Amino acid sequence: MPLRIFFAAAVLVVVAAVAIAHEYVAGSIAVDHPWARASIGRAPNSAAFLTIENRGDEPDALLGVEGTIAGRLELHTHINDGGVMMMRPVDRIEVPAHSTVSLEPGGMHIMLIGLKRKLEDGERVPLVLVFEKAGRVAVELAVEKMGAAMDHGKHMGDGQHMKMPKAE
């Protein structure tokens with residue numbers, strides 16, 4: 001009986017670890033904890049966030065995102081336009097060699113425009129990230145409730161972080 005309890009507890013620990021820390025690797029690129037905000041009411045848009053670590057000696061770039069959850073998926077950043085923070089699409093997000101780039105609230109992110117359905121807390125949503133050198137990387141966004149605050153850098157060790165300034 002004690003052996004069964006030990007085995008059951010070990011299985012639960014492994015399952016929990018996989019559910020919490022999800023990392024995807026393609027070549028020298030590692031994508032850590034991709035997540036999206038759950039929908040509020042009938043909001044037509046949402047945003048997705050993640051951390052990209054380039055473990056290689058050559059730079060790479062995130063060129064785009066593919067998926068069926070929304071009509072359009074765009075790479076975005078925030079810019080300060082005359083004291084007003086505004087989102088703007090970008091063609092690419094550079095990921096220098098031996099660096100970490102965080103896509104996070106208030107900075108660079110992925111816009112999910114024209115959601116085809118509501119995003120529910122706790123679900124997983126498939127996306128494909130398209131990199132210049134690493135190619136296509138299939139990931140699952142963990143949908144988290146509004147107000148979820150993630151410190152993505154803590155998952156990636158002591159790598160460099162490139163973050164956009166936040167609105168004050």
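Source: prediction; values computed, not measured. Any value given below was found using the heavy atoms of this structure, including those in side chains, with hydrogens, waters and symmetry copies removed.
Two residues are said to be in side-chain contact when any heavy atoms from C-beta on lie closer than 4.5 Å; Val101 and Pro96 meet this criterion. Within the 4.5 Å cutoff, no side-chain heavy atoms of Leu141 are placed close to those of Trp35. Residues Ile110 and Leu129 have side chains in contact (heavy-atom distance under 4.5 Å, counting atoms from C-beta outward). When side chains are defined from C-beta on, Phe131 counts as touching Val31, because their heavy atoms get closer than 4.5 Å. Inter-residue side-chain proximity for Val130 and Val65 is flagged as unmet; no heavy-atom pair is nearer than 4.5 Å.
Here the closest non-hydrogen pair linking Val90 and His76 is CG2-N, 4.2 Å. When all heavy atoms of Ala97 and Gly56 are compared, the closest pair comes out as CB-O, 3.3 Å. In plain terms, the two heavy atoms of Phe49 and His109 that are nearest each other are CE2-CB, 3.6 Å. Among all heavy-atom pairs drawn from Arg88 and Ile79, the shortest one is CG-CD1, 3.6 Å. Across every non-hydrogen atom of Lys145 and Asp121, the tightest pair is N-OD1, 3.2 Å.
The salt bridge (charged side-chain N to carboxylate O under 4.0 Å, His left out) check on Arg117 picks up Glu123, with sequence neighbours excluded.
Here CG of Leu127 is found 8.5 Å from CD1 of Ile69. Values are rounded to the nearest 0.5 Å. For the atom pair Leu103 CG and Leu75 CG, the distance stands at 7.5 Å (nearest 0.5 Å). Atom-to-atom distance recorded for Leu115:CG and Ser46:OG is 6.0 Å, nearest 0.5 angstrom. Distance check, rounded to the nearest 0.5 Å: CG of Asp60 to CD1 of Ile52 gives 9.0 Å. Note that CD of Glu53 is 4.5 Å distant from OG1 of Thr100, once rounded to the nearest 0.5 Å. Expressed to the nearest 0.5 Å, how far CG of Leu73 lies from OG1 of Thr68 amounts to 8.5 Å.
The only member of Leu50, Thr51, Val125 that meets side-chain contact (heavy atoms from CB on, under 4.5 Å) when paired with Pro34 is Leu50.
Alongside Met111, the hydrophobic cluster contains Met87, Ile113 (criterion: ILVMFWY side chains under 4.5 Å).
Checked by atom type, the side-chain pair His98/Asp57 shows a donor-acceptor distance below 3.5 Å. Looking only at atom types and distance, the side chain of Glu144 has a donor-acceptor partner in the side chain of His33 under 3.5 Å away.
Not one N or O on the side chain of Asp81 forms a donor-acceptor pair closer than 3.5 Å with the backbone of Met85. The main-chain N or O of Ile29 is never found under 3.5 Å from a side-chain atom of Asn54 such that the two would form a donor-acceptor pair. A donor-acceptor pair is defined here as one N or O able to donate and one able to accept, closer than 3.5 Å; such a pair exists between the side chain of Ser39 and the backbone of Leu119.
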Begin with the C-alpha distance, continue with both residues' side-chain angles, and end with the deciding distance and a verdict on salt bridge (Lys or Arg N to Asp or Glu O under 4.0 Å) for Glu94 and Lys133.
CA-CA 11 Å; Glu94 299 292 333; Lys133 294 180 182 163; over 6 Å; no
Run Arg124 and His22 through side-chain contact (heavy atoms from CB on, under 4.5 Å) and show every step you take.
CA-CA 11 Å; Arg124 300 277 181 150; His22 52 292; 3.5 Å; yes
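Using a 4.0 Å cut-off between charged nitrogen and carboxylate oxygen, Glu66 and Arg72 do not count as a salt-bridge pair.
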